Amino acid sequence: MSQSAYPHLLSPGRIGAMELRNRIVVMAMGVNFSEEGGFSGDRVVAYHEQQARGGAGLVISGACGVMYPVGQVQPWQIGISDDSFIPGLKRVVDAVHRHGAKYAVQLHQGGLVAGDDTKAGRPQWCPSVPEPMKGDFTEGFLLEELKAFASAGMPTYKVLTHEDIQVVVNAYAAGARRAKEAGCDGVEIHGGHGYLLSSFLSPKTNKRTDEYGGSTENRSRFLVEVVRAVRAEVGPGLAVWVKLDSQEVGKEGGITLEHAKVTAKLVEAAGADAITVSAYHDTGIGKLHSASNIPHEPNTLLPAGAAIKAVVGIPIICSGRVEPEHGDAEIRAGRLDFLGMGRKLLADPELPNKLAAGAAEQVRPCIYCYTCVSAIYTLESTRCAVNAECGIEYLRVDAPKPAARRRVVVVGGGPGGMESARRLARDGHEVILVEKGDRLGGTLRFASLAYAPNERLLDWLRLQVEQAKIEVRLNTVATPELLKSLKPDDVIVATGALRNMPPIPGGDLSHVFSGDDMRKMMLGESSDALQQKTSLLTRIATKAGAATGLTANLDFVRKATHAWMPLGRNVAIIGGELVGLELAEFLIERGRKVSVIDEVPRLGKGLTLVRRMRLLAELKEHGLGLFASAKDIRIETGRVCFTDASGGACTVDADHVIVAKGATGDSSQADAFRAAGLRVHEVGDGTGVGYIEGAMRGAMRAVDAINAGAPGAA
Ligand SMILES: Cc1cc2nc3c(=O)[nH]c(=O)nc-3n(C[C@H](O)[C@H](O)[C@H](O)COP(=O)(O)O)c2cc1C
């Protein structure tokens with residue numbers, strides 16, 4: 001095994017008494033996987049075991065309630081508030097140790113974020129009664145997502161007395177003792193993210209006038225007492241460290257880096273072995289997680305990590321969308337000691353092993369779509385859009401193994417087709433991938449144009465297909481006759497959704513494009529409709545692009561469209577789901593004035609909650625006209641007319657109109673193959689629009705069915 005590409009990241013490290021095989025840390029992620037009652041069961045064990053098997057040095061549990069269920073923030077959060085939690089925890093520890101990784105529990109009390117306290121009629125524990133929340137956190141929710149919150153009432157508060165503070169301190173110490181008894185190697189005391197300890201640290205939420213309020217030293221007192229009590233309870237043998245916020249984004253008057261530096265020195269003096277540097281993001285502000293604990297912007301936490309490292313002598317753990325090579329360089333430069341990873345290891349827990357094996361290009365990439373985090377906000381268990389196995393590792397143990405080698409034709413080279421082909425080849429089947437276009441990618445190519453991180457998945461899937469030596473037939477239309485001539489045992493149909501132009505008055509005017517027209521135009525593909533509608537210049541440019549192969553390079557298209565775009569200044573998009581909104585973002589970045597109009601009451605379906613909230617806020621910032629609940633939409637030359645949500649007549653200017661609406665599942669091709677006597681399994685948007693997550697998950701199910709020898713029904 002070569003470690004040459006990441007010599008620092010893959011070198012052993014130490015936190016207190018805990019020796020680690022490398023510097024890669026699975027960050028604490030509360031993933032909602034516990035059994036009823038907060039116990040660690042098969043699901044948690046298999047999830048963490050996979051992370052350890054994947055090669056990380058240290059695995060940290062999700063937030064674990066030291067006073068569970070008091071202070072609970074998730075319905076299936078893990079508890080550590082009673083000795084009855086020890087056996088389950090011990091199973092996790094043993095599983096992680098089997099693979100040479102170390103395991104730590106994150107000790108937690110949710111304080112002002114403990115939604116479960118409110119739901120159960122308990123008060124939230126806090127330093128002082130907080131100001132009402134700014135903004136409306138639920139504004140970006142779809143109506144169906146709001147249901148998760150229907151039963152939550154208004155929070156009530158318990159302002160902690162000195163006796164209460166002692167109760168909490170004791171609860172942390174007892175939690176640490178249980179972690180030690182279960183065989184854990186360390187505990188991370190959660191001192192961030194708006195939870196109880198950080199609500200004391202934050203001048204915004206701590207308005208106390210006693211020795212726990214006022215100066216930074218006073219606000220840190222509670223945390224320091226917790227660290228001391230934990231250390232006294234577990235002794236020097238267990239690594240003990242603290243997760244701290246370096247800032248509170250969107251919380252005016254909250255924690256600053258200067259505060260965090262003072263607190264860091266105090267917890268070091270109290271006996272902490274390391275500090276995990278994070279940041280908090282007020283959920284009341286729209287651009288959720290732009291630059292905070294689960295940041296959209298890469299590397300945003302690193303400067304704070306380095307600044308805190310400069311004032312303490314203990315190691316620093318830092319995360320936040322940091323690529324391994326960058327993390328390696330930061331460790332080499334002495335600005336960081338351990339690189340934490342969250343989302344990347346959900347997408348591919350084998351990442352550390354792959355880096356160590358010199359196979360970084362094999363790492364299945366996180367596309368920063370926030371499926372994982374959004375699930376938590378809507379009180380579901382975490383899922384990963386690109387790793388269908390994430391969170392169901394315990395069920396995958398019994399996944400069907402291939403009974404025999406089968407010959408399978410996959411129809412459609414989009415994400416569902418490529419992922420199916422990859423899985424089939426991995427399981428030893430003979431695979432022929434048939435694509436009617438001249439290259440692989442399908443809808444993922446356009447999705448990559450609109451949201452660049454998607455391109456990493458496109459590249460990864462292409463590479464997998466290429467390396468698996470799958471027979472790929474491009475420019476090939478799959479007819480029942482062709483398929484029958486190939487004599488497959490099974491056929492997977494992954495041909496995507498049908499995008500019909502919905503009947504909108506004026507939809508046939510020459511300045512109106514369908515979503516498909518737009519997609520084709522951007523990617524240098526042609527169609528009869530486009531031939532009629534686009535100007536001569538555009539046609540030449542489109543053809544030239546396609547002919548020279550330049551449009552295969554999405555980065556080129558992204559850049560070129562800044563200079564050249566066959567659309568007028570004012571563009572109206574009819575359709576406010578994922579495709580419409582991402583298109584709006586793409587066009588705004590290219591200087592267009594965009595309006596989005598839809599009949600639905602809430603925009604952004606198909607986007608994950610976190611991404612939707614950020615995108616809607618950004619679009620509003622750019623002055624985009626967003627019109628939900630529109631009625632009687634009518635396209636005229638140069639404008640779109642409709643009745644707005646308040647019942648008023650409304651008109652927006654539109655040199656061009658794009659109708660990004662009307663995608664539906666389409667089984668007609670699959671039905672034709674079935675009628676020809678073929679064994680058919682359907683995957684992806686053809687079965688109902690499910691985007692990347694649906695495609696990846698559908699591929700897993702279809703390949704399971706083929707392995708099990710099941711008749712085609714997926
Ligand atoms: C699904 C999910 C759940 C998380 N839950 C927790 C948590 O329970 N405690 C915590 O301190 N941080 C939590 N985080 C934040 C991570 O610990 C980490 O700081 C963050 O994901 C940044 O790393 P990344 O950019 O590599 O994902 C969570 C993150 C994710 C993605």
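Only a predicted model underlies this, so the values are computations on that prediction, with no experimental measurement involved. For ligands, and for the atoms within them, numbers begin at 1 and follow the listed sequence.
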Please could you name the atoms of ligand 1 that [X] approaches to less than 4.0 Å, counting only its heavy atoms?
X	result
H193	10 (C), 11 (O), 12 (N)
R343	24 (P), 25 (O), 26 (O), 27 (O), 31 (C)
R321	24 (P), 25 (O), 26 (O)
N293	18 (C), 19 (O), 20 (C), 22 (C)
V373	31 (C)
A63	8 (O)

Going by distance alone, is a donor N or O of one side chain under 3.5 Å from an acceptor N or O of the other, for [X] and [Y]?
X	Y	answer
E225	Y212	yes
H296	R614	yes
Q247	H259	no
H326	E323	no
W76	S381	no
T256	E258	no
S220	T263	yes
H8	S11	no
Q50	E393	no

Is it true that atom NZ of K605 has more than 12 heavy atoms of other residues, nucleotides or ligands lying nearer than 6.0 Å? no
Region of H108 that comes within reach of ligand 1 [heavy atoms, distance under 4.0 Å]: neither
Is there a donor-acceptor pair closer than 3.5 Å between any side-chain N or O of Y370 and the backbone N or O of A375? no
In the protein, which heavy atom is nearest to [atom], and how far is it?
atom	result
atom 30 (C) of ligand 1	M29 CG, 3.6 Å
atom 21 (O) of ligand 1	I294 CG2, 3.9 Å
atom 5 (N) of ligand 1	G30 N, 2.9 Å
atom 9 (N) of ligand 1	Q106 OE1, 2.8 Å

Going by the closest heavy atom to [atom], which one wins out of [options]?
atom	options	result
atom 12 (N) of ligand 1	M27, K243, Q74, M341	K243
atom 19 (O) of ligand 1	A279, G110, S319, G191	S319
atom 28 (C) of ligand 1	G342, C64, A28	A28

Are Y103 and H48 an aromatic pair by the rule of ring centers under 6.0 Å? yes
Within-cut-off N or O pair, [X] and ligand 1, under 3.5 Å:
X	result
P295	no
S278	no
L346	no
H190	yes

Check contact between [X] and ligand 1, using heavy atoms of the residue and a distance below 4.0 angstrom.
X	value
T382	yes
G320	yes
K344	no

I314 versus D273, closest heavy-atom pair with distance: CB-O, 3.5 Å
